[in-house]
Chemist: 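Got a structure for you, questions after.
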Amino acid sequence: MLYQAPRGTSDILPEEQAYWRFIEQKVAESAQLYGYERIDTPAFEDTKLFARSVGEDTDIVTKEMYTFEDRGKSSLTLRPEGTASVCRAYLEHGLHNQPQPVKLYYIASIFRYERPQAGRYRQHYQFGYEAIGEGDPALDGEVIDLAWRFFADMNLRRLTLQLNSIGCKQCRPNYVDSLKSYYVGRALELCPECQTRLKRNPLRLLDCKQAGCQKVAAAAPKSVDYLCNECAGHFNQLKRYLELLKLPFNVNHQLVRGLDYYTRTVFEIQPEAGGSQSTLAGGGRYDDLIGELGGKPTPAIGFAAGMERLILNLKEQKVAIPPLPKPRVFIACLGDEAKETATKLAAELRGAGVGVIAAMGDKSLKAQLRQANSLGVRYAVIIGEEEVRAGTAVLRDMGSAEQKSVAVGELQGLLK
RNA sequence: GUGAGUGUAGCCCAGUGGUCUAAGGCGCCAGGUUGUGGCCCUGGAUAUCGAGGGUUCAAAUCCCUCCACUCACCCCA
């Protein structure tokens, strides 16, 4: 094989496209339902944008970014996530002058240099929704409702909604401190990786999968017990809204997310019996991010979902996807004159909005019909020398195998 | 970055040292009389057996190196 797609990337072949178009359509529909408008941002941005927003010490920034210098010596990075770009656009275009919150959604390719495996790729696609400019917990509830409804409406079953609150700039340090002091006494029970996490990123201690560490994590201090009054009130109100909306959330004290910008609300939607790379959607509040990017303090919340993982789940659960439309008519012909008639007819039908596949080459009629059959068209139009002389064509119904001779001029009306 | 598994035609795969100048199935192409698909039958094309090196009289089959893919860890959608 001379060339193949780079590791962790893949071609989306025609046979897969129905899934992609289906999801895109559902994304647009639910955006419309909740008042979100589409935004598309560049595939790459100034490297500093991601470093600042995602967090200098996160895995994404330290080892997963596709960073390059362009010919003008600017350091650019292929977007490793969607939120930072949307916030940049919000600031750059003065969207704070619009009624708040500004609700935006996107469908975009995402790039991370990781070892690919099931449900994880170096280039993958995410769709996401961001609501910027409002801190009301009712908005958190609405966003989570949107996320939940999105998957439920696709007839995906056995999903769970994981929820947590990780506090704000004021109260989180207290929590991290108490987490540290809890863990320091138990360092010997931890796996080697957790020993280093203890120093570098204590929050991550909570979601280590090692059995021993799990045990320690289960009894660890909970972030919700360290929330300041404002954060606690916000979280309580959110839970109240989720109950009103009848969303079956599970407060998961070990849910922490890998991007630094999250504050207060964090949530994920996971399949119940998921493998390791199973999270379908994740998100939360990022009340400090716009400010850190140079704007005035602006609360915001959003989430993103992985398209490939969603498709994986749709397939596993055998969710029926509507087929993509395709031509219903195949035109077969025999002889040079017939081909001219067929060529003109095909153009006329297409002009009238009827999709047509015209036979090419000079294959036998048998071969042409075989092709028509495998294309799955509803009708075959057959034009041979006799038909040319008579100004007619044979219209064959590929389902019933019934056929009749009709005037060429009548076809457009019959096939419309 | 770490660990494990796998690499034979477009796809699924048989074949574990010598009749392998590689079998089968799907798919593809053609034919089964003069201009008709789907079923069936017949025929055909398509494989430097992942790459390179080594062992041997002899290697798809054994050894080494590399590469790729898959799965898992890390982390995330």
Side-chain angles (χ1 to χ4, degrees), chain A residues 1-8 10 13 15 23 54-55 57-64 79-83 107-128 147 151 191-194 196-197 200-201 204 207-210 256-259 268-271 274-283 302-313 330 332-335 338 359 361-388 393-403:
Chain A
M1 196 74 65
L2 221 48
Y3 292 109
Q4 53 187 316
R7 169 175 290 189
S10 55
L13 296 172
E15 59 187 9
I23 294 170
V54 175
D57 294 326
T58 57
D59 277 22
I60 289 179
V61 171
T62 56
K63 53 185 201 190
E64 295 178 358
R79 64 180 157 227
E81 62 104 39
T83 301
I107 298 173
S109 50
I110 302 290
F111 305 86
R112 290 183 201 164
Y113 188 85
E114 306 181 274
R115 285 289 285 270
Q117 60 189 276
R120 191 170 66 188
Y121 313 96
R122 288 186 174 178
Q123 179 183 178
H124 74 280
Y125 291 83
Q126 291 183 8
F127 58 89
F151 295 105
C191 70
E193 278 141 29
C194 278
T196 60
R197 285 191 185 111
R200 281 227 300 273
N201 197 348
R204 298 236 66 86
D207 60 2
C208 181
K209 288 179 195 99
Q210 301 284 325
V256 292
R257 298 188 43 77
L259 288 72
E268 288 187 1
I269 291 176
Q270 304 173 348
S276 38
Q277 315 299 328
S278 58
T279 297
L280 273 173
F303 79 94
M307 312 256 284
E308 287 83 356
R309 286 188 190 175
L310 173 53
I311 291 171
L312 223 53
N313 278 266
F330 183 91
C333 59
L334 289 161
D362 53 351
K363 290 192 273 261
S364 69
L365 183 58
K366 182 189 184 113
Q368 293 182 59
L369 285 172
R370 201 161 28 219
Q371 187 185 355
N373 184 61
S374 66
L375 287 167
V377 296
R378 176 77 196 276
Y379 299 104
V381 172
I382 302 165
I383 302 170
E385 283 160 25
E386 284 172 31
E387 285 74 20
V388 171
V394 172
L395 177 60
R396 179 177 179 84
D397 183 311
M398 294 298 284
S400 66
E402 283 167 16
Q403 63 182 43

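Values in this document were obtained by computation on a predicted structure and should not be read as measured data. Order of the sequence lines fixes the chain letters, A, B, ..., with proteins taken first and strands second; residue numbering starts at 1 for each chain.
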Chemist: Where the side chain of A:Arg79 meets the backbone of A:Ser109, is there a donor-acceptor pair that is under 3.5 Å apart?
Modeler: yes
Chemist: Mind checking who B:C20 pairs with, Watson-Crick or G-U wobble, both distances under 3.5 Å?
Modeler: none
Chemist: I'd like the P distance from B:G5 over to B:C64, given in whole Å.
Modeler: 13 Å
Chemist: In terms of the nearest nucleotide of RNA chain B, which residue is placed more toward the 5' end: A:Pro6 or A:Arg122?
Modeler: A:Pro6
Chemist: Is there side-chain contact between A:Asn313 and A:Phe151, with at least one heavy-atom pair below 4.5 Å?
Modeler: no
Chemist: Could you check how far CD1 of A:Ile60 sits from C1' of B:C75, rounded to whole Å?
Modeler: 8 Å
Chemist: Quick one: does any side-chain atom of A:Gln270 pair with a main-chain N or O of A:Ser278 as donor and acceptor, under 3.5 Å?
Modeler: no
Chemist: Applying a 3.5 Å limit to both distances, which nucleotide forms a Watson-Crick or G-U wobble pair with B:C39?
Modeler: none
Chemist: Donor-acceptor check, side chain of A:Glu308 to backbone of A:Tyr125, threshold 3.5 angstrom: yes or no?
Modeler: yes
Chemist: What I'd like to find out is whether the side chain of A:Val394 reaches to under 4.5 Å of the side chain of A:Glu387, using heavy atoms alone.
Modeler: yes
Chemist: Please state the C1' separation for the pair B:G52 and B:C57 - nearest whole angstrom.
Modeler: 23 Å
Chemist: When rounded to the nearest Å, what value does the distance between P atoms of B:G53 and B:U70 take?
Modeler: 28 Å
Chemist: Could you tell me how far apart A:Ile23 (CD1) and B:A77 (P) are, to the nearest whole angstrom?
Modeler: 17 Å
Chemist: Would you indicate what A:Tyr121 reaches in the nucleic acid, counting non-hydrogen atoms under 4.0 angstrom: base, sugar-phosphate, or nothing?
Modeler: base
Chemist: Could you check how far NZ of A:Lys63 sits from P of B:C73, rounded to whole Å?
Modeler: 13 Å
Chemist: What integer distance in Å separates A:Glu114:CD from B:A72:P?
Modeler: 13 Å
Chemist: Can you give one letter per nucleotide of nucleotides 27-37 of chain B, going 5' to 3': B for a protein heavy atom under 4.0 Å from the base, S for sugar-phosphate only, - for none?
Modeler: ---SSB--BBB
Chemist: Please measure how far the P atom in B:A23 lies from the corresponding atom in B:A47, and state the result in whole Å.
Modeler: 12 Å
Chemist: Using the P atom in both, what is the distance from B:A22 to B:U46, to the nearest Å?
Modeler: 11 Å
Chemist: Considering only atom P, compute the distance from B:G24 to B:C63 and round it to an integer number of Å.
Modeler: 29 Å
Chemist: Under 4.0 Å: is that the gap between some side-chain N or O of A:Arg115 and OP1 or OP2 of B:C73?
Modeler: no
Chemist: Using Watson-Crick or G-U wobble geometry with both distances below 3.5 Å, tell me the partner of B:U55, or none.
Modeler: none
Chemist: In the structure shown, which nucleotide is the Watson-Crick or G-U wobble counterpart of B:G1, with both distances under 3.5 Å?
Modeler: B:C73
Chemist: A:Glu268 CD to B:A77 P: how many Å, rounded?
Modeler: 7 Å
Chemist: Looking only at atom types and distance, does a side-chain atom of A:Arg396 sit under 3.5 Å from a main-chain N or O of A:Gln403, one as donor and one as acceptor?
Modeler: no
Chemist: Strictly by Watson-Crick or wobble contacts shorter than 3.5 Å, is anything paired with B:U48, and which nucleotide is it?
Modeler: none
Chemist: May I ask which nucleotide in the shown strands pairs with B:U34, Watson-Crick or G-U wobble, both distances under 3.5 Å?
Modeler: none
Chemist: What distance, rounded to whole Å, do you find between the two P atoms, one in B:U42 and one in B:G27?
Modeler: 15 Å
Chemist: Between atom CD in A:Gln126 and atom P in B:A77, what is the gap in whole Å?
Modeler: 6 Å
Chemist: For B:C13, which nucleotide is its Watson-Crick or G-U wobble mate, given both distances must be under 3.5 Å?
Modeler: none
Chemist: Any base atoms under 4.0 Å from A:Ala281, or only sugar-phosphate, or nothing? Heavy atoms, all strands.
Modeler: sugar-phosphate
Chemist: Any donor-acceptor pair under 3.5 Å between the side chain of A:Arg120 and the base of B:C75?
Modeler: yes
Chemist: May I ask which nucleotide in the shown strands pairs with B:G7, Watson-Crick or G-U wobble, both distances under 3.5 Å?
Modeler: B:C67
Chemist: Can you find a side chain N or O atom of A:Gln117 that sits less than 4.0 Å from OP1 or OP2 on B:C71?
Modeler: no
Chemist: How is A:Leu259 classified with respect to the nucleic acid when contacts are heavy atoms under 4.0 Å: base, sugar-phosphate, or nothing?
Modeler: sugar-phosphate
Chemist: Spell out, as yes or no, whether a donor-acceptor pair under 3.5 Å connects the side chain of A:Arg120 to the backbone of A:Arg115.
Modeler: yes
Chemist: Are the side chain of A:Gln368 and the backbone of A:Lys363 linked by a donor-acceptor contact shorter than 3.5 Å?
Modeler: yes
Chemist: For a 4.5 angstrom cut-off between non-hydrogen side-chain atoms, does A:Leu369 reach A:Phe330?
Modeler: no
Chemist: To the nearest Å, give me how far apart CD1 (A:Ile269) and P (B:A77) are.
Modeler: 13 Å
Chemist: In whole Å, what separates the P atom of B:A58 from that of B:G18?
Modeler: 14 Å
